Colleague: 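Attaching a single structure in structure tokens format; questions to follow.
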Amino acid sequence: SNTSGLFTLDECLPCTGGYYCDKAAAWQPTGPCAAGYACYSRATISTPLDGVTGETCPRGGYCPPGTYLPTPCPLGTFNNVTGSSTFQ
């Protein structure tokens with residue numbers, strides 16, 4: 001959380017989607033999720049794989065850096081690999 005003077009753990013905010021927080025006592029996210037990955041919430045690394053805090057970008061979508069939810073490929077394009085940051 002970027003608020004000072006908190007009294008309980010419950011006042012701390014989870015790391016927001018699209019970002020990861022790898023330090024305790026942080027007042028802002030460490031950085032954006034890595035290209036090819038989606039960071040949902042509470043991610044502690046830029047390449048989460050647990051399916052809870054994030055995952056590799058799935059087929060049919062793409063994930064540029066800072067992705068919260070995978071973006072579906074536009075009409076007339078495709079992506080048949082996982083972990084992609086662009087579409088074809």
Side-chain angles (χ1 to χ4, degrees):
S1 175
N2 63 0
T3 304
S4 60
L6 303 179
F7 294 101
T8 68
L9 178 62
D10 293 338
E11 295 177 271
C12 294
L13 301 173
C15 199
T16 56
Y19 294 87
Y20 72 101
C21 301
D22 68 354
K23 296 176 180 64
W27 57 275
Q28 67 182 18
T30 304
C33 192
Y37 293 85
C39 293
Y40 303 140
S41 180
R42 300 183 186 271
T44 58
I45 59 173
S46 65
T47 56
L49 296 174
D50 62 9
V52 175
T53 63
E55 67 178 333
T56 303
C57 202
R59 291 181 179 139
Y62 63 101
C63 300
T67 294
Y68 169 58
L69 294 173
T71 302
C73 290
L75 186 63
T77 66
F78 73 98
N79 181 11
N80 63 0
V81 298
T82 60
S84 184
S85 60
T86 60
F87 60 91
Q88 300 176 357

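None of these values were measured; they are calculated from a predicted model. We number each residue from 1, following the sequence as shown.
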Colleague: Where is the tightest heavy-atom contact between Ala34 and Thr47, given as atom of each residue plus distance?
Modeller: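 Smallest heavy-atom distance, with atoms named: CB-CG2, 3.7 Å.
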Colleague: Rounded to the nearest 0.5 Å, how far apart are CG of Leu13 and CZ of Arg42?
Modeller: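 Atom-to-atom, Leu13:CG and Arg42:CZ are 9.5 Å apart.
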Colleague: Of all residues at least two apart in sequence or in a different chain, which pass the side-chain contact (heavy atoms from CB on, under 4.5 Å) check with Ser84?
Modeller: Asn79, Val81, Thr86
Colleague: For residues Cys15 and Pro29, report the shortest heavy-atom separation together with the two atoms involved.
Modeller: SG-CB, 4.1 Å
Colleague: Within the 4.5 Å heavy-atom criterion, are Cys73 and Phe78 side-chain neighbours or not?
Modeller: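 No, side chains not in contact.
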Colleague: May I have all residue pairs that pass ring-ring contact (aromatic ring centres under 6.0 Å, His included) and include part of residues 28-61, sequence neighbours excluded?
Modeller: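 Every pair satisfying ring-ring contact (aromatic ring centres under 6.0 Å, His included) with a residue in residues 28-61: there are none.
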Colleague: Identify the heavy atoms of Thr53 and Pro48 that sit nearest to each other, and give their distance.
Modeller: OG1-CB, 3.6 Å
Colleague: For the pair Thr30 (side chain) and Asp22 (backbone), establish whether a donor and an acceptor sit closer than 3.5 Å, ignoring hydrogens and angles.
Modeller: yes
Colleague: Sequence neighbours excluded and cut-off under 3.5 Å, please list the side-chain donor-acceptor pairs for residues 59-72, or say none.
Modeller:
unit_1, atom_1, unit_2, atom_2, d
Arg59, NE, Asn80, O, 3.1
Thr67, OG1, Pro64, O, 2.5

